[in-house]
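Naming convention: chains lettered A, B, ... in sequence-line order (proteins, then strands); numbering from 1 in each chain.
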Protein chains: 2
Amino acid sequence: MTPPFRSAQLPPPAPVPERAQGLPMADGGVATERADAARNRMRLLEAAARLVAEHGAEHVTMEAVACAASVGKGTVFRRFGDRVGLMYALLDHSERAFQQAFLSGPPPLGPGAPPVERLEAFGVAAIRHTLAYMDVLLETDQDANRRYSHPARLVRGTHIAVLLREAGVTGDLALLTENLLGCFEPPLVNHLRTVRGMPVERLEAGWRDLVDRTVRRGPSGCCP
Amino acid sequence: MTPPFRSAQLPPPAPVPERAQGLPMADGGVATERADAARNRMRLLEAAARLVAEHGAEHVTMEAVACAASVGKGTVFRRFGDRVGLMYALLDHSERAFQQAFLSGPPPLGPGAPPVERLEAFGVAAIRHTLAYMDVLLETDQDANRRYSHPARLVRGTHIAVLLREAGVTGDLALLTENLLGCFEPPLVNHLRTVRGMPVERLEAGWRDLVDRTVRRGPSGCCP
DNA sequence: GATATTAACGGACCGCGGTCCGTTTATTGG
DNA sequence: CCAATAAACGGACCGCGGTCCGTTAATATC
């Protein structure tokens, strides 16, 4: 009688775009959002961003966002699915910018530098990104399931895995990657900074050290 | 006008014991719970455990617990503070047992084995513990702040740090410890098992590998 | 431009976590 | 045993996330 599992997700009702989707159609066009829908999405994102800036993400209610955007509450949920979805939407721009920086920007973050250097630069950038958007990120952390399946996390994970491989790391790359990703968990970073009082430089140095330990030759003997 | 921070905690109203406290008093006695309070705590814990077993932690409401224990809703909150507090209380016994096992049980988990072996055994035990209590642990994960400051996590962290030191690891032990602790995050373990389909053995092997990489000689050159 | 279709809208509604405060009851001191 | 005190009780109450469904209006077709 115990219900399936936490990871059993809401099935296929699947409205909830969270972002204007361009689904290809039979005739070669794209199924675009209706004009009013698109306008409301913009209004909602702007209102949400304003309220977050004013009161902190933690104190922004869905109803307040709806009201500030002069829109019904139902509309907010239809556009963004739930509170966490709205928060993710708020992060979308900066996350894309970050992705572009490490996928195709200038070295050492982007291609062109040796993999270990890129990895170190990546972590430093990720930590800074986390700090910059901390309060919204902490809100997205509410839904543990989505956190680990979110596209942004997958992209980061793939990037790390590729760099590890390029660096000649052997072993369970998937797990090593997850371990490295753990360094950017917003609540962890927040805790280390706020409660334990660690300066950013220390976190960055810790990341570099960790990368070195991970990369420095595989599980078997040290220095063949 | 932005409110202080997320980590700013509820000040000192400080009822919320979460566990029968034995505070020392002037006369040498202990300030114990009133009889009815203690009885209600037991009833609530039993009721909660039953409901969790029956319906899964995720579907247990505070009102249902109160009702099943024939107690008012207010009483549940006075005893355990909030939902997460109740969940932590449910985990208390097993967590203490685990602590005893690695602090004073037989080797290789307890004292007597070399530190690296203990560390590896610790991780394996922690992963199993996490899997065994997964659904309740996932509920405790709601409150990100408390997660990182919870006594149980501190104990685990101290244990890891001590073993790392004994193993002769140099570097930022605090950060290395946090990184290793990340391997036991319930939502991560759940994701790797449920979504990514990794068997327990793989997680355990991954832990051992990670310990090896962490321990194998510090940040500077490889094999002096 | 009129009509049909279908997506989008919005606010009433629900459930649950958490609080408040008037009432009850265990305890202690005489 | 009785009174006084303070702790514990319990349920009405509140706010917010999320859902539902009758209404509205954008688009497509003619």
Side-chain angles (χ1 to χ4, degrees), chain A residues 10-11 13-18 20-21 23 25-27 29-44 47-48 51 55 57-87 139-140 142-143 146, chain B residues 10-11 13-18 20-21 23 25-27 29-44 47-48 51 55 57-87 139-140 142-143 146:
Chain A
L10 3 161
V16 193
E18 281 189 22
Q21 77 287 50
L23 293 177
M25 294 183 79
D27 64 353
V30 286
T32 181
E33 234 171 8
R34 234 171 70 172
D36 52 348
R39 189 204 46 187
N40 282 339
R41 154 171 296 121
M42 284 309 286
R43 280 215 246 167
L44 284 166
L51 292 179
H55 309 111
E58 149 176 54
H59 296 110
V60 173
T61 72
M62 296 300 268
E63 199 148 18
V65 172
C67 188
S70 308
V71 142
K73 195 177 170 184
T75 300
V76 191
F77 284 92
R78 192 166 338 91
R79 280 287 90 78
F80 301 102
D82 58 13
R83 193 186 146 83
V84 170
L86 173 60
M87 295 297 167
E139 297 302 307
T140 66
Q142 295 310 328
D143 184 336
R146 300 236 305 272
Chain B
L10 4 161
V16 195
E18 281 190 23
Q21 78 287 51
L23 294 176
M25 295 184 77
D27 64 354
V30 286
T32 181
E33 235 170 8
R34 232 172 72 171
D36 52 349
R39 190 204 43 183
N40 281 339
R41 155 172 293 121
M42 284 308 284
R43 281 214 243 164
L44 284 167
L51 291 179
H55 308 111
E58 146 178 54
H59 296 110
V60 173
T61 73
M62 296 302 267
E63 197 147 20
V65 173
C67 188
S70 308
V71 143
K73 195 177 170 184
T75 300
V76 191
F77 285 92
R78 192 167 335 92
R79 280 288 88 80
F80 301 103
D82 58 12
R83 193 186 146 81
V84 171
L86 174 59
M87 294 297 167
E139 297 302 307
T140 65
Q142 295 309 328
D143 184 337
R146 299 236 305 274

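Residue A:Asp143 contributes atom CG, which lies 15 Å from atom P of D:dG17 at whole-angstrom precision. Atom CE in B:Met87 sits about 9 Å away from atom P in C:dG17, given to the nearest Å. Atom CD of B:Glu63 is separated from atom P of C:dG17 by 8 Å (rounded to the nearest Å). The separation between A:Phe80 atom CZ and D:dT19 atom C1' is 18 Å, rounded to whole Å. In this structure, A:Arg43 places its CZ atom 12 Å from C1' of C:dC9, rounding to the nearest Å. Between the CZ atom of A:Arg78 and the P atom of D:dC21 there is a distance of 14 Å, given to the nearest Å. Distance A:Asp82 CG to D:dT19 C1': 13 Å, rounded to the nearest Å. Regarding B:Phe77, its CZ atom lies at a distance of 22 Å from the P atom of D:dA7, rounded to whole Å.
The side chain of B:Arg83 places no N or O atom within less than 4.0 Å of a non-bridging phosphate oxygen (OP1 or OP2) of C:dG18. Contact check, B:Arg79 against D:dC9: a side-chain N or O comes under 4.0 Å of OP1 or OP2. Contact between the side-chain N/O atoms of B:Arg34 and the OP1/OP2 oxygens of D:dA6 is not found at any separation under 4.0 Å.
Here the nucleotide nearest the side chain of A:Asp36, chosen from C:dA26, C:dC9, D:dA12, is C:dC9. Checking D:dA8, C:dT27, C:dA12 against every side-chain atom of A:Lys73, the shortest atom distance belongs to C:dA12. If you check C:dG10, D:dA26, D:dA8 against the side chain of A:Thr75, the one that comes closest is C:dG10.
Residues B:Met62 and B:Phe77 come closest through the heavy atom pair CG-CZ, 3.7 Å. The nearest pair of heavy atoms linking A:Ala69 to A:Leu44 is CB-CD2, 3.6 Å.
Two residues are said to be in side-chain contact when any heavy atoms from C-beta on lie closer than 4.5 Å; B:Arg79 and B:Arg43 fail this criterion. Put simply, the side chain of A:Asp82 does not reach to within 4.5 Å of the side chain of A:Gln142, judged on heavy atoms.
In terms of position along DNA chain C, the nucleotide closest to A:Ser70 lies nearer the 5' end than the nucleotide closest to the other residue of the pair B:Ala35 and A:Ser70. Along DNA chain C, the nucleotide nearest A:Val71 and the nucleotide nearest B:Met62 are compared for position; the residue whose nucleotide lies closer to the 5' end is A:Val71.
Looking at B:Arg83, its side chain does come within 3.5 Å of a backbone N or O of B:Val60 through a donor-acceptor pair.
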